[in-house]
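Here is the structure we will look at.
Numbering of residues begins at 1 and proceeds along the displayed sequence.
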Amino acid sequence: MSKRSSYSVWGNTAFMIANAWKVGKGILVICIASAAAEALISVAELLLAPMILSKVEEAAPLKELAATIAGFSLVLLVLSGLKGWLGPNMDLSRIRVRMHLINKINEKMSRTSYSNLLDTDFMNFESRASRACFNNAAPAEVFWVTWKEILVNVFGFLAYSILLSSLHPLLMLLIVLTAIAAWFVNRRILRWGYLHREEAAACDERMNYLHTAGTDRQYAKDIRIFGLYPWLQQLWEGTMRLYRAFLTKREKRYLLTNVVDVILILARNGAAYGYLIWLTLEQELAASEFLLYFTAITGFASWVTGILDRFSELYRESQELTVVREFLDWKEPFRFEEGKHLDGAEEGACELRLEHVSYRYPGAKKDTLTDLDLVIHSGEKLAIVGVNGAGKTTIVRLLSGLLDPTVGRVLLNGQDIRQYNRREYYQLFAAVFQDFFVLETSIKVNVAQRLEGIDENQVWECLEMAGLTEKIQSLPDKLDTNIGKTVYLDGVELSGGQTQRLMLARAMYKKAPVLMLDEPTAALDPIAENDIYLKYEEMTRGKTSLFISHRLASTRFCDRILFLEHGKVTEEGTHESLLELGGGYASLYNTQKQYYEEDREGIA
């Protein structure tokens with residue numbers, strides 16, 4: 001992340017102005033104009049009553065009195081109309097800036113290094129950054145309102161200072177000093193909130209998680225079948241007790257701030273009103289002047305307090321915007337645009353190698369992979385098998401560049417992949433992962449992963465290879481049928497096996513030189529699984545392929561098999577040679593053998 005020194009109130013203000021400049025400069029002009037209009041309205045309202053009273057004291061003609069009232073009314077009408085016109089325009093402008101920040105957060109999240117997504121701190125910052133831009137009351141919008149109110153108070157302070165310039169300077173100094181004292185007390189107390197922001201965030205995260213778990217449809221069956229409601233309720237109540245304890249601790253400190261404010265206000269206003277009454281009694285201050293000064297002194301104190309209060313508010317909002325900036329500036333461990341180009345590697349041979357690779361997931365106590373050496377030759381069909389937790393999926397993530405080794409190197413044609421533009425490197429791979437992403441849009445968009453330039457003939461070819469043609473042909477809109485019912489009421493919900501086939505079609509459509517299949521048939525029944533195996537040769541023709549499975553029936557279609565145990569390759573060879581070896585592979589195969597025989601009987 002960048003240096004924290006740039007995350008000051010002024011640094012964050014510059015950050016917001018820079019982003020506003022990108023989406024339209026209007027908000028800056030509107031903010032200043034709106035503040036000036038509000039301050040002038042306050043000044044005009046201040047002067048109205050004393051000016052009328054002054055005319056009455058002078059026994060001015062009725063026309064002159066009426067003209068004074070009409071003049072002030074016209075000024076107030078124009079200023080109020082201008083304020084009313086500027087208000088909605090400012091609202092729209094600050095919404096545009098907030099949406100721009102949301103887009104930047106989403107872009108950071110969707111394009112960040114995959115390893116960041118495994119970092120709990122990174123994910124917490126993303127959640128907090130998103131909350132800071134969540135709605136119209138979030139700091140990303142209110143920040144502009146606060147700055148407008150600061151300008152209103154500054155303009156008002158300057159105008160009232162001119163009106164009160166004839167009063168004793170010590171009185172003015174007293175008002176300013178007491179307000180500044182209150183500012184420092186507020187700043188010291190509110191610093192506590194920033195220092196304990198992680199504690200508050202932890203409570204928020206836990207409550208959000210429990211709320212989602214208790215209300216999301218995907219958990220509904222488990223909650224009802226296993227009677228989990230009382231347990232969830234206990235967890236919720238326990239979290240609420242922790243949160244209430246934190247709020248109590250925080251509000252005690254805020255109460256102290258309010259008490260100090262009251263004491264300072266009493267001292268400031270008491271001295272000011274006492275001096276004004278002395279002027280009235282000893283120097284025969286006119287009634288209109290008394291009214292003007294009396295009202296102006298109250299307003300002057302309010303302007304000073306308003307400036308400091310708004311700066312306190314700005315300081316709190318700046319803390320939230322700091323989280324946004326820290327998230328956007330989060331360090332990327334991978335090289336992207338600054339990395340080297342692949343120079344046509346995606347069109348040529350792709351030999352992949354793991355060289356003395358070890359990997360340990362963040363927070364884990366031991367390595368998932370240990371000192372692993374592996375070469376995948378260009379055009380080879382390699383199977384990696386083993387029990388759950390052996391490290392098969394981790395190998396896929398390392399080879400595809402989603403993760404970098406803790407120790408060792410991943411090589412592409414003899415070159416360390418860390419030097420390359422990682423996004424270009426990703427183009428070498430098409431994959432079906434255990435956890436995959438299905439967008440609620442049409443079938444063809446899900447297969448092609450684009451909105452325009454879709455080759456429908458190629459889509460049908462890929463669906464055929466994945467064994468999904470018959471299903472799609474049966475749908476009323478065929479390739480244009482939408483998936484899911486969250487966005488489209490007429491969307492279809494595919495079964496787990498059908499969705500897995502759809503992901504196979506998507507991988508085929510990409511036409512990448514390396515195909516990685518991580519348990520691609522886990523959700524398929526035996527007949528469907530056998531169908532995929534029979535088409536495996538066609539799927540992988542001209543490609544380097546990596547097949548990950550714990551079901552050993554799939555391995556007979558591959559050139560070479562690696563048997564993984566505890567993060568190491570313990571056996572290597574063909575299906576037949578590994579059975580003859582009589583080691584861990586043979587033992588696992590014999591354990592599963594009865595199920596393969598049952599599957600074949602079912603297929604027959």
Side-chain angles (χ1 to χ4, degrees), residues 25-94 144-169 171-172 175-176 179 268-269 272-273 275-307 309-310:
K25 310 173 184 66
I27 190 170
L28 304 176
V29 176
I30 293 172
C31 186
I32 295 172
S34 183
E38 288 189 34
L40 288 173
I41 289 173
S42 179
V43 172
E45 290 174 342
L46 168 69
L47 295 174
L48 177 59
M51 288 296 293
I52 293 174
L53 183 57
S54 174
K55 295 299 181 182
V56 173
E57 287 178 329
E58 295 171 1
L62 183 60
K63 288 184 179 181
E64 186 175 339
L65 179 62
T68 300
I69 296 173
F72 273 96
S73 298
L74 179 61
V75 169
L76 286 171
L77 179 64
V78 171
L79 290 174
S80 297
L82 178 61
K83 176 185 174 182
W85 180 80
L86 290 170
N89 283 278
M90 182 172 177
D91 291 342
L92 292 174
S93 296
R94 60 193 179 97
W144 295 106
V145 177
T146 303
W147 257 118
K148 186 204 73 173
E149 292 175 351
I150 287 174
L151 291 176
V152 170
N153 283 280
V154 168
F155 293 154
F157 172 81
L158 294 175
Y160 277 44
S161 295
I162 294 172
L163 291 173
L164 296 174
S165 59
S166 59
L167 297 181
H168 200 290
L171 175 63
M172 309 297 293
I175 296 173
V176 172
R268 179 176 65 233
N269 291 349
Y273 294 156
Y275 173 72
L276 194 58
I277 292 171
W278 177 81
L279 284 179
T280 303
L281 297 176
E282 298 296 328
Q283 299 187 12
E284 299 181 352
L285 194 67
S288 57
E289 291 179 303
F290 178 89
L291 178 60
L292 174 64
Y293 291 141
F294 185 87
T295 308
I297 285 175
T298 303
F300 183 76
S302 298
W303 293 127
V304 175
T305 303
I307 291 173
D309 284 348
R310 296 287 77 74

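Within the 4.5 Å cutoff, the side chain of D309 has no heavy atoms near those of the N153 side chain. Under the 4.5 Å side-chain criterion, counting only non-hydrogen atoms from C-beta, V75 is not in contact with L40.
Expressed to the nearest 0.5 Å, how far CE of M90 lies from CG of L28 amounts to 9.5 Å. Distance check: L79 CG to S42 OG gives 11.0 Å after rounding to the nearest 0.5 Å. Distance check, rounded to the nearest 0.5 Å: CD1 of I30 to CG of D91 gives 9.5 Å. Between atom OG of residue S73 and atom CG of residue L77 there is a gap of 8.5 Å, rounded to the nearest 0.5 Å. Separation of atoms CD1 (I27) and CD1 (I32) is listed at 11.0 Å; rounding is to 0.5 Å. Taking CG of L76 as the reference point, atom CG of L48 lies at 6.5 Å (rounded to 0.5 Å).
Take F155 and apply the ring pair (Phe, Tyr, Trp, His ring centres under 6.0 Å) test, not counting sequence neighbours, and it matches no residue. Partners of V154 according to the side-chain contact (heavy atoms from CB on, under 4.5 Å) rule, which considers only residues two or more places apart in sequence or in another chain, are I150, L158, I307. Listed by chain and residue number, Y160 satisfy the ring pair (Phe, Tyr, Trp, His ring centres under 6.0 Å) test with W303 (two or more places apart in sequence, or in another chain).
Pairing each heavy atom of L86 with each of A33, the nearest pair is CD1-C, 3.7 Å. The minimum heavy-atom distance between G156 and A39, with the atom names listed, is N-CB, 4.0 Å. Closest non-hydrogen pair, A35 versus K148, comes out as CB-O, 3.6 Å.
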Please tabulate, for side-chain N and O atoms in residues 63-71, each donor-acceptor pair with protein atoms closer than 3.5 Å (sequence neighbours left out).
| from | atom 1 | to | atom 2 | distance (Å) |
| --- | --- | --- | --- | --- |
| E64 | OE2 | K55 | NZ | 2.6 |
| T68 | OG1 | E64 | O | 2.9 |

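A side-chain hydrogen bond (donor to acceptor under 3.5 Å, both in side chains) check over residues 80-90, counting only residues at least two apart or in different chains, returns nothing. Screening residues 292-302 for salt bridge (Lys or Arg N to Asp or Glu O under 4.0 Å) gives no qualifying pairs among residues at least two apart or on separate chains.
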